[in-house]
Amino acid sequence: MKFKVIYSLMFAAGMTLTGLASAQAPAAPVAIPPTWAQGRTADGMNPSLAPSPPGISAMPVEDIPVSKLKVPPGFKIELWAAGMPNGRSMTEAPSGTVFVGTRFTG
């Protein structure tokens, strides 16, 4: 008699767990947006936007608006180098050579 009761309880428990498992269908995986789109609203996702291509040639020295820049008293601004299109970062070697990096190859 004990065997039948234990078997019946185990069978009932198994049916309950099986019933719960089949009643809850697995959720479909949520698509994660790319990092550049995370946090944007639906109206902020304008497919007509495109990045502005950087200039391929260096700006002529006379077109660089150095005189329009404002600095605190005691400071001055002067053009130190020109002829580097789309310069983005600089570093100085121990020998004193200054290297300018760009997004372009070569």
**Prompt:** Counting heavy atoms not belonging to Ile32, are there more than 12 under 6.0 Å from its CD1?
**Reply:** no
**Hphob cluster co-occupancy, Phe75 + Leu79, side-chain heavy atoms under 4.5 angstrom** = yes
**Request:** Please name all residues satisfying side-chain contact (heavy atoms from CB on, under 4.5 Å) with Pro34, sequence neighbours left out, ordered by chain then number.
**Result:** Trp36, Ala37
**Request:** Might you point out which heavy atoms bring Pro85 and Ala58 nearest each other, and give the distance in Å?
**Result:** CB-N, 3.6 Å
**Asked** Between CD1 of Ile77 and NZ of Lys68, what distance do you get to the nearest 0.5 Å?
**Response** 13.5 Å
**Request:** With rounding to the nearest 0.5 Å, note down the distance linking CE in Met84 to CE in Met90.
**Result:** 8.0 Å
**Message:** Nearest 0.5 angstrom please: Thr102 OG1 to Arg88 CZ, how far?
**Reply:** 9.0 Å
**Exercise: identify the closest heavy-atom pair between Ala82 and Val61** = CB-CG2, 3.6 Å
